[in-house]
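Just so it is clear, the structure is predicted and the values come from calculations on it, not from any experiment.
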Number of protein chains: 4
Amino acid sequence: MAEQRHHGNRHGRSEDARRAVLQAADDLLVEKGFAGVTIEGVASAAGVAKQTIYRWWGSKTDILLDTFLEDAARDLAPQEHETLAEDLRAHLRRLADFLTTNDAGAVFKALIGHAQHDAAFGERLRTQYLEEQRQRDRAPLDRAIERGELPADVDVPAAVDLLVGPIYHRVLMTGDPVDDRFIDMLVEHFLLSYELGHSEPRGSS
Amino acid sequence: MAEQRHHGNRHGRSEDARRAVLQAADDLLVEKGFAGVTIEGVASAAGVAKQTIYRWWGSKTDILLDTFLEDAARDLAPQEHETLAEDLRAHLRRLADFLTTNDAGAVFKALIGHAQHDAAFGERLRTQYLEEQRQRDRAPLDRAIERGELPADVDVPAAVDLLVGPIYHRVLMTGDPVDDRFIDMLVEHFLLSYELGHSEPRGSS
Amino acid sequence: MAEQRHHGNRHGRSEDARRAVLQAADDLLVEKGFAGVTIEGVASAAGVAKQTIYRWWGSKTDILLDTFLEDAARDLAPQEHETLAEDLRAHLRRLADFLTTNDAGAVFKALIGHAQHDAAFGERLRTQYLEEQRQRDRAPLDRAIERGELPADVDVPAAVDLLVGPIYHRVLMTGDPVDDRFIDMLVEHFLLSYELGHSEPRGSS
Amino acid sequence: MAEQRHHGNRHGRSEDARRAVLQAADDLLVEKGFAGVTIEGVASAAGVAKQTIYRWWGSKTDILLDTFLEDAARDLAPQEHETLAEDLRAHLRRLADFLTTNDAGAVFKALIGHAQHDAAFGERLRTQYLEEQRQRDRAPLDRAIERGELPADVDVPAAVDLLVGPIYHRVLMTGDPVDDRFIDMLVEHFLLSYELGHSEPRGSS
DNA sequence: GGATAAGCGAGACGGTACGTCTCGTCTTGTG
DNA sequence: CACAAGACGAGACGTACCGTCTCGCTTATCC
């Protein structure tokens, strides 16, 4: 059943308009930064009337959140590996890559930035992104517990904080690169603290 | 010898005006949020002309940065304790408190938020706050190395990331409280990963 | 079919807003003088956004010019009398009244004043007001030539200068009243110089 | 006897500063127009402090009035000729030249323009320039009456209006050039209306 | 000849208005 | 009935000058 294209009619919203808006917002963000994203600018770049945007989104950050959720669902789909160490390294590597790539990373920073200014938006961001993401983050740990690689009484949410916290910290605050060395170190320290030490990161030791 | 008060003369700026602006910006931020801080609003609340603000600051975030730096210098002055565990717990406790109290915390979040939207400002924030702060953060570790409590080859900056990262993560992203339990857990894991385990946090457990 | 009122739509400007702006500008001018007419003041008094003013007018003098042109078209519509003397006296009387009444006169002086400060505006004023007005001024003379009351080779534009010059001079420079005596004198001298002397102004003498 | 130069002392103002201010105001007016004359601009161009200007003048138009009065006193000093016709032609010629030359004319227009916007200033302009000027304007007529060239009962002020009105009209309103032809025409009509006709302007006819 | 006081250059100050930008709302045809 | 178009009221932006003020320096005069 083919996509229905329409420019204003009585059969619901235009998918063309929706995609054009998301794309335009993304482009403007990458090109001119957050302040360069204005509703008027997006409308004009998308070839869409302002009212069409206001009909479907509440603010420019809502638009960006939509693009971000699409990207996250696409790029952060879970994978599985054999050992906890491998699983963690692969997962954190993908997370770090996602947060620092051009488009998704820029949108992410913009959203987190805005969340600091607007508590209600922060709450929405948490509900729509973070909660899901934390499910993905804990999966390797849950599997390790199932396999007996980790004790059953591990406080998984806290453990997730220990693992992803330093990554977000680098992305949002210090700006230092999140390279493989850093991720290896992170995983190794984590495992050591559970006395699972010497996980033998890639380059032996 | 008393402070010289003046209302504009060749000896430079009015200290009254400076303080009034910082105070007004802080008040407005806490009261109405980041979007409620406007140059016009600050000027009016401070009883100061807009031009006086533009003469000395480049933007509203510059004003907030000034108030934040004053607060940080006041509230984050270093302290020393006898053991690494105590030192770390006390230090992280104070950091967490600072980042979550009403005024300083609100300003901090606003600044970090804005830094996500404006790379140049992010760089300034790093230079003027983060670098100093990282000196304060590493002090307990440096002292522990001197005392022989930690091996001399510890990668101190990376260790700092492990310790403060999860705290900033909670403050900026999850919104979870940074309570004593969390800090104890953080420190314990950190020490365990250096095989200094069982630091016996406050309440045994 | 009634006037269509609208508050902004694709069919162009709001007539309500237009009238409110003209009225507010006029009121402010009479009440507080030229310096008291500010775009912000007009906007506020008219209950209109500044941008609406800038959308349709380029400056405060453009607004005043609009009100003036409407007034002039209404108040200076031509009339005809039987003899040149009567025609001239009536016409000059109406012109003088127009230039010295409260509203139109105040606007006129403001515009002429501004034209001295802004050559481009002067040019516009000449195109939009003066040229038409000179047509109205010369009409009595043209009719007199047709009737044979004046020789056919009279330099009409120069004659107009002789007649209206002294009136504008009093209005703009000396501030002396332009009373009937002055107008009679003006007309009499004019006619005498064409040896049509003793036009017997109202009060004999 | 040398000029006393001083930069601040207890005995009165600096002549240097005064001249620099007048010159700077004049230059700015010619170069950038009336709106380009600002107190700050004059002060800066004259190398003078704002306060020095405010100490001696009340507004920018006061400065311009000072330069204008100096120019007028220099350029409009009276002269005498043998016949009324010659006297008038020479006098009006000089007046017209004065009003249309670059510097003095520009200042004159600026002042007259401002007088339309500020009645109090208009009054001052009348007192300090116009009254004197009208004395100079009537001198040729007074001399003609003395010589018997004109009847003793001529209304001299009204006659002055007839003569200079059209000139000011051209300068301030129409922008038409005030050439010799126009002045000859003006004088001839004036004389004809006193039945002194055919004054034989320069080039016969 | 040291104190005094007015005029000066400098420039920060509290203000007002400028002209621009974007917001979010609205009204009106069109498809 | 969603859409493109775009005028509208609102209000903050950053700039330009306003007129006032304090300051420290430079003289000319006076004690």
Starting the side chain at C-beta, find the nucleotide from E:dG9, F:dA7, E:dG14 nearest to C:Trp56. F:dA7

Would you kindly give the OH-to-P distance between A:Tyr54 and F:dA5, to the nearest whole Å? 17 Å

Nearest-Å distance for atom pair NZ/C1', residues B:Lys60 and F:dA12: 10 Å

Between C1' of F:dT20 and CD of D:Glu40, the distance in whole Å: 12 Å

Just compare F:dG9, F:dC18, F:dC13 and give me whichever is closest to any side-chain atom of C:Thr52. F:dG9

Give the rounded distance in Å between these two atoms: CD1 of B:Ile39 and P of E:dG15. 17 Å

Answer yes or no: side-chain N or O of A:Lys50 and base N or O of E:dG24 forming a donor-acceptor pair under 3.5 Å. yes

Given atom CG of D:Asp16 and atom P of E:dC8, what is their separation to the nearest angstrom? 10 Å

Ranking E:dG14, E:dA12, F:dC13 by distance to the side chain of B:Arg55, first place goes to E:dA12

Quick one: label C:Gly47 by what it contacts on the DNA or RNA (base, sugar-phosphate, nothing), any heavy atom closer than 4.0 Å. sugar-phosphate

Separation of F:dG19 P from D:Asp62 CG (nearest whole Å): 11 Å

Assess whether side chain to side chain contact (heavy atoms under 4.5 Å, CB included) is satisfied between C:Asp26 and C:Asp71, documenting all intermediate values. CA-CA 11 Å; C:Asp26 210 333; C:Asp71 289 355; 4.2 Å; yes

I want to check a possible cation-pi pair here: B:Lys60 against B:Phe34, using under 6.0 Å from ring centre and within 45° of the ring axis as the test. yes

Test item: C:His117 side-chain N/O and D:Gly33 main-chain N/O as donor-acceptor pair under 3.5 Å: no

Below 4.0 angstrom from OP1 or OP2 of F:dG14, is there any side-chain N or O of B:Trp57? no

What's the shortest heavy-atom distance between B:Ala35 and B:Thr38, and which atoms? O-CG2, 4.0 Å

Rounding to an integer number of Å, can you tell me how far A:Arg18 CZ sits from F:dA2 P? 17 Å

On DNA chain E, check which nucleotide each of A:Ala35 and A:Gln51 is closest to and give me the residue with the more 5' one. A:Ala35

Quiz item: cation-pi between D:Arg18 and D:Trp56, 6.0 Å / 45°: no

Between A:Val37 and C:Ser59, the residue closer to the 5' end of DNA chain E by nearest nucleotide is C:Ser59

Report yes if a side-chain nitrogen or oxygen of D:Arg13 is closer than 4.0 Å to either non-bridging phosphate oxygen (OP1 or OP2) of E:dC8; otherwise report no. no

Nearest to the side chain of B:Val48, heavy atoms from C-beta on, is which of E:dG14, F:dC13, F:dC8? E:dG14

I need the CZ-P distance between D:Arg19 and E:dG7, as an integer number of Å. 20 Å

